[in-house]
Number of protein chains: 2
Amino acid sequence: MPYRETEKMRNRKAEARKRIIECTYECVSDGGFRSAQITRVAACAGVATGTIYRHFESKEHLFAEIFRIATQREVDKVAEALATEGNAVTRLETALRQFAERALRGPVMAWSLIAEPVDPKVEEERLKFRRAYAELFEQAIKEGIGENSLPDQDARQSSTCLVGAIAESLVGPLSPAQTGGTDQTDNNDHDPLVDSIICFCMQGLTGTRR
Amino acid sequence: MPYRETEKMRNRKAEARKRIIECTYECVSDGGFRSAQITRVAACAGVATGTIYRHFESKEHLFAEIFRIATQREVDKVAEALATEGNAVTRLETALRQFAERALRGPVMAWSLIAEPVDPKVEEERLKFRRAYAELFEQAIKEGIGENSLPDQDARQSSTCLVGAIAESLVGPLSPAQTGGTDQTDNNDHDPLVDSIICFCMQGLTGTRR
DNA sequence: AGAAAGAATGAATAATGATTCACTGCTTAT
DNA sequence: ATAAGCAGTGAATCATTATTCATTCTTTCT
């Protein structure tokens, strides 16, 4: 038996795979799935187009993986914000702000995850993504109702409206390609846009103006 | 001068044009702009592909026209609902319901108008469409603030959130292709889905639970 | 009827982009 | 050193669609 896969090879392959994933992620962040052609991804990763197909069954599979990764990152952040101390209303506000700020910082990716049309396999992932969000917010809203900090309401529906209001506010105006060069990496503190979105959302939830 | 365009010919051309528009509209309602290939539209209209190009400079121009028509129809309905008697809050509620119900009845078209990626020429029309909505709702919200039936707020931002909340509620869950056969042409009166969306939206606007 | 002009046609072309596969070149184990 | 086998390559292929244009109808007017 003259050849047997060894640790070294496994590592090398894993690294190539990782590099492909990273480059695809970058392409998507930059121009959406549409702009992440295999040729471009391959060039960016410094491999031949054929190599992509040694690591992923098809473009759809690659995209599904990217989607899963990107999504997990976002959902985790929101889950984290929802897991802190405090009453449901405060935690929800923190989480919504987290969500909105992250989307605002990466609007193209946000648009890709929320609204860009994708192939069926990827759309499946999107459904899971939506469900994950819906469940997180829903859970928190239900807790709020339980502790009487929120009025009784259709938690699932409210959660959907929250995501929609934020998405439209960010992705609508800022989406297509007009996310002109203005880099803003220091935008950690306060954005008036985010503030007024959150204001509408919290009011939609609580029925109270702060 | 052996040939001069006559009334009869003008009519015939106008009819062909109309037929092309209708068929494109139908295709878009059915599967979005993506699915409205020139070949299919031509087949549906009973003309050759080349004929399309006698009536429209390019696919983009044709789509832009369709978009304009579809959009006008929706905006008019909302404007109409906002032009009735009553205070701003009531009129807004009627208008939102109108918007939501129409979108729910034609979710694919709604998605195409709101979120489907389209070519630049069509995207331009979309911007006008957004602006038209924003202005209508904004105006009404401002009236509400003026007559004290609404608390002071960023009218433009609220209007965006309204559109987003409704769009996500309808297009998110119901959008892609899973708008399975269930025809509902008699859905004129009350849909619980619409009710709870409107509830969230009105609360977001008014800060009051009904 | 016949000539001029436009309208309609649809097969051919062009452009884009995913996927394949025959080949080259490394790794491994003897 | 060398044979076996897998990894990498990228030009060629296939698929999909918009668009063109040489050709064939139709209409109009004398």
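The sequence lines fix the lettering, A, B, ..., with proteins before strands; numbering per chain opens at 1. Here the structure is a predicted model, which is why all the values come from computation and not from measurement.
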Notebook entry, point to check: So which one's nearest nucleotide on DNA chain C is more toward 5', A36(A) or R54(A)?
Noted result: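 Residue closer to the 5' terminus by nearest nucleotide: A36(A).
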Practice prompt. Please work out if T6(A) contacts a base, only the sugar-phosphate, or nothing of the nucleic acid, heavy-atom cut-off 4.0 Å.
Written response: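 Result for T6(A) = sugar-phosphate.
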Ignoring hydrogens and angles, state whether a donor on the side chain of [X] or [Y] is under 3.5 Å from an acceptor on the partner side chain.
{"X": "E143(B)", "Y": "Q139(B)", "value": "yes"}
{"X": "Q72(A)", "Y": "D76(A)", "value": "yes"}
{"X": "Q153(B)", "Y": "S158(B)", "value": "yes"}
{"X": "E125(B)", "Y": "T71(B)", "value": "no"}

Check the distance between [N]'s [atom2] and [X]'s [atom1] and give it to me in whole angstrom.
{"X": "E7(B)", "N": "dT27(D)", "atom1": "CD", "atom2": "P", "result": "16 Å"}
{"X": "I52(B)", "N": "dA8(C)", "atom1": "CD1", "atom2": "P", "result": "11 Å"}
{"X": "I38(A)", "N": "dT20(C)", "atom1": "CD1", "atom2": "C1'", "result": "13 Å"}
{"X": "F56(A)", "N": "dT20(C)", "atom1": "CZ", "atom2": "C1'", "result": "18 Å"}
{"X": "R10(B)", "N": "dG6(C)", "atom1": "CZ", "atom2": "P", "result": "14 Å"}
{"X": "M9(A)", "N": "dC26(C)", "atom1": "CE", "atom2": "P", "result": "11 Å"}
{"X": "H61(A)", "N": "dA18(C)", "atom1": "NE2", "atom2": "P", "result": "16 Å"}
{"X": "E5(B)", "N": "dA7(C)", "atom1": "CD", "atom2": "P", "result": "6 Å"}

First encountered from the 5' end of DNA chain D, between R12(B) and K59(B)
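That would be K59(B).
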Could you pick out which residue, K8(B) or V47(A), lies toward the 5' side of DNA chain D when each is mapped onto its nearest nucleotide?
->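 This one resolves to V47(A).
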N/O (side chain, [X]) to phosphate O (OP1/OP2, [N]) under 4.0 Å:
{"X": "T51(B)", "N": "dT9(C)", "answer": "yes"}
{"X": "K13(B)", "N": "dA8(C)", "answer": "no"}
{"X": "H55(B)", "N": "dA7(C)", "answer": "no"}

- How many angstroms lie between OH in Y25(B) and CG in D30(B), if you round to the nearest 0.5 Å?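 Answer for the OH-CG pair, Y25(B) versus D30(B), is 12.5 Å.
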